[in-house]
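Small disclaimer: the values here were computed from a predicted structure and weren't measured. All values below come from the heavy atoms of this structure, side chains included, with hydrogens, waters and symmetry mates left out. Chain identifiers are assigned alphabetically (A, B, ...) following the order of the sequence lines, protein sequences preceding nucleic acid strands; residue numbering begins at 1 within each chain.
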Protein chains: 4
Amino acid sequence: MATKEEIVKGFRVRELLEATRRVIARNGFQGTTIDRVAEEAKVAKGTIYLYFPTKEDLLHAAILEGLRAMVSETAEADNPELPPLERISELVRNQFRIQSSNEHFLKAFFLESSFVNFEPGDVRGEELRRVYIDHLEFLASVLGLAIRAGVLRPTDPQFAAFMLSDMITASIRRRLLGLASTPIEADADAVLEMFLKGVLAP
Amino acid sequence: MATKEEIVKGFRVRELLEATRRVIARNGFQGTTIDRVAEEAKVAKGTIYLYFPTKEDLLHAAILEGLRAMVSETAEADNPELPPLERISELVRNQFRIQSSNEHFLKAFFLESSFVNFEPGDVRGEELRRVYIDHLEFLASVLGLAIRAGVLRPTDPQFAAFMLSDMITASIRRRLLGLASTPIEADADAVLEMFLKGVLAP
Amino acid sequence: MATKEEIVKGFRVRELLEATRRVIARNGFQGTTIDRVAEEAKVAKGTIYLYFPTKEDLLHAAILEGLRAMVSETAEADNPELPPLERISELVRNQFRIQSSNEHFLKAFFLESSFVNFEPGDVRGEELRRVYIDHLEFLASVLGLAIRAGVLRPTDPQFAAFMLSDMITASIRRRLLGLASTPIEADADAVLEMFLKGVLAP
Amino acid sequence: MATKEEIVKGFRVRELLEATRRVIARNGFQGTTIDRVAEEAKVAKGTIYLYFPTKEDLLHAAILEGLRAMVSETAEADNPELPPLERISELVRNQFRIQSSNEHFLKAFFLESSFVNFEPGDVRGEELRRVYIDHLEFLASVLGLAIRAGVLRPTDPQFAAFMLSDMITASIRRRLLGLASTPIEADADAVLEMFLKGVLAP
DNA sequence: GATGAATGAGCGTTCATTCAT
DNA sequence: AATGAATGAACGCTCATTCAT
């Protein structure tokens with residue numbers, strides 16, 4: 001059961017993590033310093049160390065929470081009762097919307113960090129990977145259902161899920177690199193069409 | 001005409017760039033310091049500054065050369081006389097081979113840096129983007145030919161090229177994240193199949 | 001109103017500036033490094049940067065304060081009600097006393113730096129020059145009064161002030177170069193006599 | 001007797017010292033590096049170390065020679081047969097001319113370095129001081145003659161020589177600080193008048 | 001608990017000096 | 001003798017972390 005202190009602590013932690021993400025969004029990972037986070041959170045520098053033992057832990061927690069928010073928002077927006085194809089279609093559209101609304105934090109995340117800053121075997125890295133893998137498995141399960149329903153060809157759903165997820169990220173990245181000329185609304189459809197139909201002439 | 005000194009200088013530059021890429025591979029971009037490069041190249045710190053005016057220039061040159069090597073190797077392995085589909089197939093297979101052989105350096109590059117470390121407008125960043133864009137345009141031109149030949153559906157070849165390139169990178173990334181259970185040789189085929197046919201049931 | 005923190009900060013700043021002047025005195029401007037100042041002030045290197053953004057700012061502030069102390073001490077010791085000649089005489093005597101008590105810092109300042117270390121147009125250099133020029137103008141105004149009172153010949157008071165100031169400095173420099181055999185008390189009188197009467201036989 | 005090698009060596013040394021003074025003139029003492037001197041002398045960096053064991057020795061020799069040139073030019077321009085007052089007058093005018101023609105090197109010397117860069121007891125510092133003292137003694141001897149001739153008041157000629165020399169330097173410094181509005185030709189007369197007659201009303 | 005002044009290891013960079021050619 | 005590539009100590013500065021208040 002949560003004591004009053006724990007609740008207060010929870011608030012502080014949340015504030016710190018949000019401030020951290022804002023700083024990441026504004027300055028990138030490189031430019032994220034403890035000083036800046038403290039200033040953004042309107043808290044003394046030392047205070048951060050009451051809640052996080054190192055900067056890496058703070059960053060990790062901020063990313064993890066941000067990623068979890070994105071992932072769970074995806075899951076919540078999912079409607080399992082839709083026909084498989086429409087469900088997938090909605091998922092893609094939702095994910096586009098989510099990543100675009102979160103854009104600022106995710107921009108830095110997808111362009112700069114990914115999952116590399118942690119050594120293989122590092123607990124925090126594993127945790128991060130875990131969240132991502134859970135997300136992929138959720139996608140894979142949806143794809144798996146569609147395959148079993150005969151709507152999709154029998155392919156490796158894990159592989160397909162990874163590719164689908166990456167294609168979404170990729171088209172956002174493409175936009176951030178200044179290589180997209182189409183309006184952003186068209187991206188979800190373009191990704192979906194390519195994912196579903198490929199490029200081969202019928 | 002190259003004098004003897006220029007040749008020696010060329011060797012040193014190459015050694016330094018290779019050492020730099022090894023350090024990037026081992027420590028990531030964040031962890032790449034002049035000290036470490038010097039140690040890796042078995043050279044005093046100051047020596048590096050005889051060949052590169054700043055650390056950024058060194059990193060840029062190392063990345064640029066690594067990227068160019070990858071790109072030009074792709075172009076050289078291309079056989080324009082193949083039928084469109086086989087040509088694309090070969091391109092994908094080649095790129096897989098190339099990116100896997102370069103694996104260590106490219107890992108850090110594709111996972112960590114992308115093209116972000118340079119401010120927009122930075123000459124070096126633009127140069128880097130240019131190389132990448134050239135590569136994409138080459139892919140796009142091959143896809144464009146296939147479209148005009150009626151082998152591929154009429155789609156935006158730029159978009160398709162970006163996605164294809166990214167799918168290759170993604171499946172390597174997937175492997176680096178420990179999410180692949182299939183043998184690496186199967187990746188190229190899997191990417192190709194998805195790219196060409198999509199996942200939709202016929 | 002000064003808070004407690006501001007007072008403490010003021011102490012630190014003063015300690016740092018004094019330490020800086022001691023280091024300048026001991027090692028000259030060339031030999032003044034942040035490390036040495038930190039050691040002299042018994043403070044970690046980084047601490048200095050909490051109070052001064054760059055080394056140049058630290059040096060500038062230390063010199064400026066040292067110069068201002070000298071200049072304002074001169075002004076305060078001035079007695080405007082004395083007859084012109086006695087007033088000038090007192091001014092010279094006072095300046096000798098002041099410059100000799102500050103000797104160590106001023107030695108380096110007058111022998112090494114002058115006002116050169118700052119580019120023309122540099123705000124800090126201008127500030128330094130300003131203090132010096134103000135001092136000269138104060139001297140010039142006193143000389144100007146004496147001229148209008150008919151006690152001094154009509155000459156350019158700006159020029160005379162510069163020369164008088166420099167003669168004082170010069171005779172201290174002469175002492176530092178080991179060229180003086182007379183007791184230091186005699187210097188003020190010697191300078192005054194030369195300044196007032198010149199060397200020409202009557 | 002000078003061997004051929006010694007003559008060649010003499011040429012090189014002279015070239016190096018001249019190059020050094022040009023670099024000092026252009027970049028100040030701070031900005032004088034071995035690299036720049038080597039480039040200015042069109043010689044490899046290592047070559048300098050065949051002739052001078054350290055940078056300090058090079059600088060010292062360059063200053064010493066530059067100072068000697070100035071001093072001996074003063075002595076050569078002297079006409080001992082002139083009446084004392086005219087002789088002094090000519091000396092001052094000549095020194096102004098010399099220091100103004102050498103202006104570039106001397107500017108840095110008089111504004112930046114003086115004699116301080118060498119520890120007391122340092123052989124090179126003493127040598128420098130010696131040249132300067134010799135010059136002062138020459139001036140003092142001329143003043144002494146004038147005193148004995150009854151043209152100047154009986155004063156300490158050493159002191160007077162130092163002051164006269166410094167007043168010349170000071171008025172050049174004043175000009176370099178941007179504090180002079182009169183034409184440069186007037187400086188010599190102004191210094192002379194002040195030195196001879198002082199500022200006191202008759 | 002909260003603060004923020006203090007710390008010092010570590011960074012990128014410069015440059016006097018050395019030494020193999 | 002002459003070269004200039006190589007060296008590495010030293011510099012100014014940053015910033016994650018600590019700790020007295």
Looking at C/Glu127 and C/Arg124, is any side-chain nitrogen of the basic one under 4.0 Å from a carboxylate oxygen of the acidic one?
no

For the pair made of CG in B/Leu50 and P in F/dG8, what is the distance, rounded to whole Å?
13 Å

Heavy atoms of other groups near B/Glu39 CD, more than 12 under 6.0 Å
no

Per D/Tyr49 side chain, nearest of listed nucleotides F/dT3, F/dA16, E/dT17:
E/dT17

Base partner of E/dT13, which must satisfy Watson-Crick or wobble distances under 3.5 Å
F/dA10

Starting at the 5' end of DNA chain E, which residue's closest nucleotide do you reach first, C/Val8 or D/Lys45?
C/Val8

Please tell me which of D/Ala44 and A/Thr54 maps to the more 5' nucleotide of DNA chain F, matching each residue to the nucleotide holding its nearest heavy atom.
D/Ala44

Taking atom P of F/dG8 as reference, at what distance in whole Å does atom CD1 of B/Ile48 sit?
13 Å

When the distance from CD of C/Glu39 to C1' of F/dC11 is rounded to whole Å, what number comes out?
15 Å

Under 4.0 angstrom, heavy atoms only, what part of the nucleic acid is D/Arg12 near: base, sugar-phosphate, or nothing?
sugar-phosphate

Between F/dT14, F/dA2, F/dT17, which nucleotide has the shortest distance from any of its atoms to the side chain of A/Ile34?
F/dT17

C/Tyr51 has a side chain; which of E/dA5, F/dA2, E/dT13 sits nearest to it?
E/dA5

Roughly, in whole Å, what's the span from CG in D/Leu58 to P in E/dC15?
16 Å

Whole-Å distance between F/dC11 C1' and D/Gln30 CD?
12 Å

Taking the basic N atoms (NZ, or NE/NH1/NH2) and the acidic carboxylate oxygens, is any pair closer than 4.0 Å for C/Glu15 and C/Lys42?
no

Checking N1-N3 plus N6-O4 or O6-N4 for Watson-Crick, or N1-O2 and O6-N3 for wobble, each under 3.5 Å, the partner of F/dT18 is E/dA5

With D/Thr20, which of D/Leu58, D/Ile34, D/Ile48 fulfils side chain to side chain contact (heavy atoms under 4.5 Å, CB included)?
D/Leu58

Which residue lies toward the 5' end of DNA chain E, B/Thr33 or C/Lys42, if each is placed at its nearest nucleotide?
C/Lys42

C/Arg36 CZ to F/dC11 P: how many Å, rounded?
7 Å

CE/D/Met70 to CD1/D/Ile63 distance, rounded to the nearest 0.5 angstrom?
12.5 Å

What's the CG-C1' distance between A/Asp35 and F/dA16, to the nearest Å?
9 Å

Which sits closer to the 5' end of DNA chain F, A/Lys55 or D/Thr47, going by the nucleotide each is nearest to?
D/Thr47

Interatomic distance, D/Leu16 CG vs F/dA2 P [rounded to whole Å]:
10 Å

